[in-house]
Amino acid sequence: MSPAEPVQEPGNGETGRQERGSEASRPARQYRPGRGRHVENTIMSALVRAGLVPRSYLLTTQGRKTGKPRTNPVVPVERDGRRWLVAPYGPVPWVRNARAAGRVTLTRRSDTREYAIREAAPEEAGPILKRYVRIATATRRYFLATKDSPVEDFVAEADRHPVFELTPVDENRQTAQPAH
């Protein structure tokens with residue numbers, strides 16, 4: 001049986017329960033940015049910039065309307081020798097900016113690298129989302145699937161959590177050819 005679509009319940013900021021057979025699972029929260037989230041991102045960004053938060057990087061995108069750089073803390077996923085970027089809160093502004101630009105920058109301490117992005121199809125995104133939920137514990141509440149759910153559950157909700165493959169565009173990477 002396929003999972004039911006989340007239903008918005010008025011006023012509580014959470015989605016309705018997802019039914020799996022006769023068993024109800026926990027609700028997934030909806031991301032609602034506010035002043036508190038801005039303060040949290042500012043503090044996290046400072047900690048990530050200092051290299052104090054394991055696995056975290058600063059993602060910089062170019063604003064699609066303003067052209068100004070926009071920075072957010074993120075946790076990339078490594079799987080099968082490839083690097084992926086997950087949007088646990090859905091198509092938030094950095095996702096729309098990344099889609100428009102086709103490129104993003106990741107920074108950790110003084111190491112900054114530029115990447116081209118490619119959005120993954122749900123079947124490809126499912127295993128990445130499952131891995132992400134295992135390592136990025138703070139965002140688990142935004143997923144209907146749990147860390148122990150089968151990959152199919154993550155494929156089913158991949159449309160709610162965009163996943164991007166990151167391909168380095170840095171000239172200094174080993175596979176790059178010198179410009180002629």
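- Residue Phe164 holds its CZ atom at 5.5 Å from CH2 of Trp94, rounded to the nearest 0.5 Å.
- The closest side-chain heavy-atom distance from Arg64 to Asn97 is below 4.5 Å.
- Arg99 approaches Pro91 most closely through the heavy-atom pair NH1-CB, 4.1 Å.
- Only one option out of Glu165, Arg103, Arg83 pairs with Tyr115 in a side-chain hydrogen bond (donor to acceptor under 3.5 Å, both in side chains); it is Arg83.
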Give every donor-acceptor pair under 3.5 Å between a side-chain atom in residues 128-137 and any protein atom, sequence neighbours left out.
unit_1: Lys130; atom_1: NZ; unit_2: Lys147; atom_2: O; d: 3.3
unit_1: Lys130; atom_1: NZ; unit_2: Ser149; atom_2: O; d: 2.4
unit_1: Arg131; atom_1: NE; unit_2: Glu78; atom_2: O; d: 3.2

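- By the rule that hydrophobic residues join a cluster once side-chain heavy atoms approach within less than 4.5 Å of another member, Val155 and Tyr142 end up as members of separate clusters.
- Here CZ of Phe154 is found 11.5 Å from CZ of Arg160. Values are rounded to the nearest 0.5 Å.
- For the pair Ala98 and Val104, the tightest heavy-atom approach, listed with the atom from each and the gap, is CB-CG1, 3.6 Å.
- Rounding to the nearest 0.5 Å gives a distance of 7.5 Å between OG1 of Thr146 and CG of Asp153.
- Applying the side-chain hydrogen bond (donor to acceptor under 3.5 Å, both in side chains) test between Thr60 and each of Asn72, Thr71, Thr105 identifies Thr71 as the sole match.
- Minimum heavy-atom separation, Gly51 to Arg109: O-NH2, 3.3 Å.
- Counting heavy atoms from C-beta outward, Val75 and Val53 have side chains that stay 4.5 Å or more apart.
- Under a 3.5 Å cut-off, the side chain of Arg55 and the backbone N or O of Pro76 do not form any donor-acceptor pair.
- Between Ile117 and the options Leu166, Thr167, Val95, a side-chain contact (heavy atoms from CB on, under 4.5 Å) holds for only Leu166.
- Using a 4.5 Å cut-off on side-chain heavy atoms (C-beta onward), Glu119 and Pro162 make contact.
- Taken from CH2 in Trp84 to CD in Glu124, the straight-line distance is 3.5 Å, to the nearest 0.5 Å.
- Checked by atom type and distance alone, the side chain of Gln62 never pairs as donor or acceptor with a backbone atom of Ala101 at under 3.5 Å.
- Every residue two or more places apart in sequence or in another chain that forms a side chain to side chain contact (heavy atoms under 4.5 Å, CB included) with Pro93 is listed here: Arg96.
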